[in-house]
Chemist: 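Structure incoming, see below.
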There are 2 protein chains.
Amino acid sequence: MADTAQLTEACPIAEVLDHVAGKWSIGVLVAAAHGPVRFTELEREVAGISRRMLTLTLRKLERDGLLVRTVYPTVPPKVEYSLTDMARELYTSLTGLLGWAERHRGDIARARAAYDAAG
Amino acid sequence: MADTAQLTEACPIAEVLDHVAGKWSIGVLVAAAHGPVRFTELEREVAGISRRMLTLTLRKLERDGLLVRTVYPTVPPKVEYSLTDMARELYTSLTGLLGWAERHRGDIARARAAYDAAG
DNA sequence: CAGTATCCGTCATGATACTG
DNA sequence: CAGTATCATGACGGATACTG
């Protein structure tokens with residue numbers, strides 16, 4: 001990761017993406033955005049995620065200060081995750097990218113098709 | 001990648017990031033942003049990248065329609081890469097994220113320190 | 001100059017089973 | 001319910017050598 005540090009030096013954007021670039025981070029963030037969400041809810045809402053990866057992703061996001069984890073000492077246990085203000089702000093910034101994606105989804109698909117057709 | 005497809009369905013943002021999420025994609029994009037750039041220039045400007053990864057990254061970006069590759073049939077060979085309009089637009093959107101990163105760099109560092117201190 | 005080919009190690013992810 | 005532990009694997013990336 002020494003190289004990543006150098007890249008980050010040259011391009012702080014790369015640093016941002018590190019907090020979001022995990023295979024599941026965005027999915028989890030999106031699923032948690034609509035309010036406090038429990039572990040099992042996330043497991044259902046984020047299609048295809050394994051229990052293990054959900055745990056790892058949640059820990060990473062919590063460590064970066066993007067999620068807050070609240071434990072209710074009940075039986076059975078209840079744990080809720082919610083976005084921090086910082087994460088909500090991030091989410092807003094991501095909408096710019098979302099717009100780009102929607103505008104160019106077709107362009108990208110065509111570009112790929114053309115590229116693959118040519119070879 | 002079937003799972004990624006499902007995630008993408010739920011969250012188009014994830015689809016965007018796939019075009020940018022590679023370890024070197026952003027660095028290459030940034031290095032190529034200032035105008036047509038040759039292979040060797042990129043190799044120098046993107047700190048730490050290997051020849052192999054540069055090639056793979058360039059091919060991926062080209063396939064997605066983010067870079068244009070121009071070959072001049074001279075001896076020795078000359079190849080130039082430049083951003084497409086679509087990529088420039090993407091780059092603009094990324095500045096939103098960049099702003100977020102700069103505003104919260106300190107917050108994230110503190111969050112991590114606190115998290116690690118607690119354990 | 002601008003690549004390609006090959007080998008190999010590491011890491012992220014997945015599957016599965018167990019627990020306070 | 002909300003995890004943790006362990007093992008296996010496949011993709012990703014690095015090093016090195018070769019080429020039109």
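Just so we're on the same page: letters track the sequence lines, and every chain starts at 1. Remember, predicted model here, so these are calculated numbers, not experimental data.
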Chemist: Quick check: closest heavy atoms across B:Pro36 and B:Ser82, and the distance to 0.1 Å?
Modeler: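 So the minimum-distance heavy-atom pair works out to CA-CB, 4.2 Å.
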Chemist: By a strict heavy-atom criterion of less than 4.0 Å, which residues belonging to residues 56-74 of chain B are in contact with DNA chain D?
Modeler: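 Contacts with DNA chain D under 4.0 Å: none.
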Chemist: Would you say that B:Leu42 contacts B:Leu58 through its side chain, given a criterion of any heavy-atom pair below 4.5 Å between the two side chains?
Modeler: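 B:Leu42 reaches B:Leu58 side chain to side chain.
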Chemist: Please assess A:Thr70 against A:Val79 for the test side-chain contact (heavy atoms from CB on, under 4.5 Å), listing each intermediate value before the final yes or no.
Modeler: CA-CA 6 Å; A:Thr70 310; A:Val79 179; over 6 Å; no
Chemist: Looking only at the side chain of A:Pro77 (C-beta and beyond, no hydrogens), which of the listed nucleotides D:dC1, C:dT13, C:dT6 gets closest?
Modeler: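 So the side chain of A:Pro77 is nearest to D:dC1.
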Chemist: Categorize B:Arg52 for me: base, sugar-phosphate, or nothing, with a 4.0 angstrom heavy-atom threshold over every strand shown.
Modeler: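 The residue B:Arg52 makes base contact.
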Chemist: May I ask you to decide if B:Ala21's main-chain N or O and B:Ser25's side chain share a donor-acceptor pair within less than 3.5 Å?
Modeler: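 Not at all, since once roles are kept as given, no pair shorter than 3.5 Å links the two residues.
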Chemist: Output the rounded distance in Å from CZ (A:Phe39) to C1' (D:dA2).
Modeler: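 Taking CZ of A:Phe39 and C1' of D:dA2, I get 6 Å after rounding.
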Chemist: Nearest to the side chain of B:Trp24 - C:dA15, D:dG13, C:dA2?
Modeler: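 Closest nucleotide among those given: D:dG13.
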Chemist: Is DNA chain D part of any stem, that is, at least 3 consecutive Watson-Crick or G-U pairs with both distances under 3.5 Å, and where?
Modeler: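 Output for stems: C:1-20 with D:1-20.
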Chemist: Between B:Leu54 and B:Trp24, is any pair of side-chain heavy atoms under 4.5 Å apart?
Modeler: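 No - every pair of side-chain heavy atoms lies 4.5 Å or more apart.
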Chemist: Mind checking if A:Thr55 touches a base, just sugar-phosphate, or nothing, with heavy atoms under 4.0 Å?
Modeler: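 Touches a base.
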Chemist: Grab the CG-C1' distance between A:Leu42 and D:dC1 for me, whole Å please.
Modeler: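 After rounding, the gap between these two atoms is 13 Å.
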Chemist: From the list C:dG3, D:dG13, D:dA2, which nucleotide is the closest neighbour of the side chain of B:Arg51?
Modeler: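 Of all the options, the side chain of B:Arg51 is nearest to C:dG3.
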Chemist: Under 4.0 Å between a side-chain N/O of B:Tyr81 and OP1 or OP2 of C:dG3, yes or no?
Modeler: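 Looking at the OP1 and OP2 atoms of C:dG3, one of them is under 4.0 Å from a side-chain N or O of B:Tyr81.
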Chemist: For A:Lys23 and D:dC12, what is the distance between atoms NZ and P respectively, to the nearest whole Å?
Modeler: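 So the two atoms are 10 Å apart, to the nearest Å.
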Chemist: The test is side-chain contact (heavy atoms from CB on, under 4.5 Å); show your working for B:Trp100 and A:Met86 and say whether it passes.
Modeler: CA-CA 9 Å; B:Trp100 181 88; A:Met86 188 166 81; 3.6 Å; yes
Chemist: Roughly how many Å is it from CD1 in A:Ile49 to C1' in C:dA15, rounded to a whole number?
Modeler: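 A:Ile49 atom CD1 is separated from C:dA15 atom C1' by 15 Å.
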Chemist: Are A:Glu80 and A:Arg69 ion-paired here, with the side-chain N under 4.0 Å from a carboxylate O?
Modeler: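 No, A:Glu80 and A:Arg69 are not salt-bridged.
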Chemist: Which nucleotide sits closest to the side chain of A:Thr40: C:dA2, D:dG3, D:dC1?
Modeler: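 My answer, after comparing the listed nucleotides, is D:dC1.
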Chemist: Is the backbone of A:Gly65 close enough, under 3.5 Å, to the side chain of A:Thr84 for a donor and an acceptor to pair up by distance?
Modeler: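 Answer holds: yes.
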Chemist: Taking the side chain as everything from C-beta on, heavy atoms only, tell me whether B:Glu45 gets closer than 4.5 Å to B:His34.
Modeler: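 Yes, side chains in contact.
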Chemist: What is the separation between atom CE on A:Met53 and atom C1' on C:dT16, rounded to the nearest whole Å?
Modeler: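 For the pair A:Met53 CE and C:dT16 C1', the rounded distance is 16 Å.
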